[in-house]
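Below is one structure, written out as structure tokens, with a few remarks after it.
In what follows, chains carry the letters A, B, and so on, assigned in the order in which the sequence lines appear, proteins first and then strands, with residues in each chain numbered from 1. This structure is a prediction, so every number in the text was calculated from the model and none was measured.
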Amino acid sequence: MSALVQDVRYSLRQLRKKPGFTAVAVITLALGIGATTAMFSLVDRILFRSVPYPAGDQLVSVGVIAPIIEGEFLFARSYLTWRHQQTAFSGFTSSSGVSDCDLSDENPVRVSCGAVESTFLPTFGIQPVAGRNFTPAEDQPQAPRVALLSYGLWQSRFGGDRGVIGRSISLDGRPTRIVGVLPGNFEFPTLAHVGVLVPQALDESIVQRNLMGPVIRVFGRMQPGDTVEQAKAKLQPLFQDFVQSAPPPFRKVLRLQVHTIQDLQVHDARRSAWLLLASGWAVLLIACANVGNLVLSQSVGRRKEFAVRAVVGAGRGRLFQQRLTESIVLALAGGAAGCGIAVLIVRMFVALSPGGIPHLSEASVDGRVLVFAGIVSLISGVVFGTVPALEKPATETLVVANTLGVRRSALRQLFIVTQVGIAVVLLSGALLLIRSLRNLQTEPLGMNTQNVLVAKFSLGQQKYPDAGRQRAFFEVLEQRVKQLPGVSEAALSDSLPPEEPARTMPLIALEAEGHPPLSPGEGIGGVVGWRAVTPEYFSVLGIRLLRGRTFAEQDRLPAANTLVLNEAMGRRMFPGEEPIGKIVRLRADDQHLGVAFTVIGITGDTQNQGLGGRVVPEYYVVRKHRDDDIVFRYPDSQHISVVARTAIDAPTWATELRNSVAALDPTLPVEVSTLGQSVARLAERPRYIAALLLQFAIAGLLLTAVGIYGVVSLLVTQRTQEIGIRVALGAAPGSATRLMVLSTSMWIGVGAVAGILGALIAARWMGSLLFGIAPTDAKTLAEATLLLLAVALLGAWIPARRATKVDPVVALRYE
Amino acid sequence: MTETGMPLIQIQDLTKVFYTDEIETHALSGVHLSINKGEYVAMSGPSGCGKSTLLSIIGLLDTPTEGRYLLNEKTVENLDFAERSRIRNQEIGFIFQSFNLIGDLTVYENVELPLTYRQKMPAADRKRRVMEALERVGMAHRVRHYPSQLSGGQQQRVAVARALGGKPSILLADEPTGNLDSRNGEAVMELLQNLHREGATICMVTHDPRFAKHAQREVHLFDGKVVAEEQLKKLMADVQA
């Protein structure tokens, strides 16, 4: 112990005595440790932290995957059957999801309401901080309505008053009694924001009435010790029953899904998170290689000291301990500075972060992150300190003079190779993501976003409980928007491409005139999308009309049943034929059953699955002037998007629109943006990831250049005498520079080759993050390598020029 | 210090060959040497004769290519690094021409250094030993100084104190006056003389006949071999001729 204290004390003294070395090493390490720590902080919740529920790893999301519904689900009837028969879970519960609701007290306010079963909180192990959970009796269709408030709403709306328990509020116009308050760290399993929890009140009579019931999300708590695979195996009999009860075409495409809540929350963010964390580690490795080189350089000057220590009795182990202690002390100093850098990086990245990356906004440098930084610092110290510490002390040189020549360190070469290799991998990864982003942003959308403004509305259940009131509002809104100053055209749609996916249905639900229906053996025939729009939708969005016509006002009359297909849909339903004038019958879907539509037009395809997604065959129906229109049969019929082509700027238009809407309904929130902004939002996440990786790549590139600069500087210093002899013998000054650059360039080249190989391996892993570019794109790899080589050789050339200034007279006296 | 008269160092038919690329250099060839406890031996010879190489091997800084080496009747020529370090720490004290003090350590810490490498030596014992050694060389008043704050003579006295602190069986001195002026050189030689009188075994490499005369016995080396004084004179004369 006393030896360790002595080593630490001596290490601190060393750092104080060499402020230049210490500053460079600490800054370099701070950059590496700071980058790694910041990345850990950003991705910790995604990759490593468990969900905030007791024994959270036992909680799973359970359901069936089918092409027409996103994510796993069950119909209510299946859920009720499974709930009684399953043996896989100690807790089994469900939720109908989260939707907007109007909290009307003194001041009406729009909040998010999550509808859950009374078993939801017990299954997740959540206790209300005030009041209680719903009782099973309150979770019945006809029961008086009750609610649990979120902690945030309780604080902001009710000032944290415990007397709120038992008070009645109006929720969507219905009297609702508050029975409890959720804890502050409550998190809905889908990460949806929830202001109020209400009972789901499933109607259990659907089982007797043989109805499917609504789509619900199901969650379970596995038996202690069970794995996801075991739980899945236990559910297989129930799943097979489900499959047998499904229409034959669906049976082949259904599959059972059981995955942890953590998986549910992070799903596609996991790969990006690993990429960012790996890039942080890569920068740290480059930094460690740099500091390793610095330590090696210092070792040259301290060779005599270590020889003396060995002479007076220090064994290799003792010397190793001392040198490793010095490295770790240095690394801890770098780590402390790195924590400061990490705080800045995390703040910056959280501020710049786009929405949709789970848990990113929660990132901070907390105690857990500081422990990580400490561990990373220790590891760094060991990484860059071990190899120099293994150097054998040259004891014989203390007696037998002049045998200390310039050691051509293989370690130094190894460090160069490592740095260059990692920098090539980082740089090529960043360039791939940048190219992918550019491809995403330049991908034709199939529509014109210029001068198009978008407003979104979501009507509350309280004021707009039925189709009649919703339609009345939408039709007045449509007229008002068209009359706003500067608006040339305006339209309504239930959803907008590319941000919002269309409603979907299986192709088997459509019957094309002159074509036999798909047989059950052919499955569902894939998925198609559809939207309900007003006639000017196509012209406002600039969607090209290829043949026929788009909707006109007369198509909105009750007797007219017309369809517009996109090009992909036309090809899919009528391959090699002209679809115009053909009849399409919607046959299998219970909402559309038996309706026959005439195809009146074919439009160009639009990006309807997000940026870079596959174009899904899509058809359009017109929004009709009738309350029993198809669109009002869907539970989300209260949502509407208004698009307008206008020459005036968005803020002015937004003000005009808000004033106009306020005249209709002063409490209705309006969300306004340009279509361009909506589209750009879709690229925010890839842009963010690319920007982060680019920053790491630049940091890695600069650190590599600085590292090579340091190595060549040392070489010039060590070989001054040799250079002097060469110059004295007649070598041209430039040849000394070449000698210095060449002595390093071979290892830069080896590093570049290693980097190319590494980049090819890493690229395979990056494939799913790229769009429109092969992960092994040769041009990108070549550019990354050439850029790195140029910067690395510049880093070598600058100090190598000093060799031309060597005075042979001085150099030959050099010691 | 150790009991006088008994052989402390016994070297038999010792050879050292250096291999560099394709060149083979015989630094020592068939050297026989014995140093008794309490003896003061000077090794001399012309530059390149192998005296420093022999001192390195005696000091366990280097290993012989062939031959036997017994230190305190124990065979030590083929020990590993760790064992050689342990023996150096406990049995051998070094005094170098260029002092080889560690510039970042104080006088006290430099003298204490070998003792810190000893297992489980209490701090109080270390302190007592350090102060005793420094007092013996007259440097106890400079404990907090760094080597750069001392004169060459003072540095060498600190180096001697460092060598003495561990109470070694033998002191090995490699040209201990080589970097000193004549006055300081004489002072260091007097210090060694005093240590010898107190019972220390000393083996000193020097090329200066004046200092060699301080020793009880002179060992002459020429071309890696031990030769008699007369033979050395003749060989030197032949070379000069």
Checklist entry - What do the steps show when you test A:F306 against B:I102 for side chain to side chain contact (heavy atoms under 4.5 Å, CB included), and what is the final call? => result CA-CA 9 Å; A:F306 292 115; B:I102 296 176; over 6 Å; no

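Proximity to chain A is limited to the side chain of B:E112, based on heavy atoms less than 4.5 angstrom apart. Residue B:E175 does not touch chain A at all, counting heavy-atom pairs closer than 4.5 Å. In this structure, chain B has no heavy atom under 4.5 Å from any part of A:Q321.
The most heavy-atom pairs under 4.5 Å with chain A, out of B:L172, B:L60, B:L113, B:L115, come from B:L113. For the set A:R316, A:R309, A:E305, A:Q14, the entry with the most heavy-atom pairs within less than 4.5 Å of chain B is A:R309. No other option in B:E109, B:R84, B:K51 has as many heavy-atom pairs under 4.5 Å with chain A as B:E109. For the options B:T116, B:V205, B:I57, heavy-atom pairs under 4.5 Å to chain A are most numerous at B:T116. The greatest number of non-hydrogen atom pairs below 4.5 Å with chain A, out of B:L105, B:I92, B:L55, is found for B:L105.
Looking only at side-chain heavy atoms (C-beta outward), A:V312 and B:R162 come within less than 4.5 Å of each other. B:F99 places none of its side-chain heavy atoms less than 4.5 Å from the side chain of A:V308.
For the pair B:S85 and A:A314, the tightest heavy-atom approach, listed with the atom from each and the gap, is OG-O, 3.5 Å. In terms of heavy-atom proximity, B:F81 sits nearest to A:A310 at CZ-CB, 4.2 Å.
In A:K18, the NZ atom is crowded: over 12 heavy atoms of neighbouring residues, nucleotides or ligands sit closer than 6.0 Å. A 6.0 Å sphere centred on NE2 of B:H207 holds no more than 12 heavy atoms belonging to other residues, nucleotides or ligands.
No salt bridge links A:R13 with B:D104; every basic N to acidic carboxylate O contact stays at or beyond 4.0 Å.
Both cation-pi conditions hold for A:K17 and B:Y146: the charged atom is under 6.0 angstrom from the six-membered ring centre and inside a 45 degree cone around its axis.
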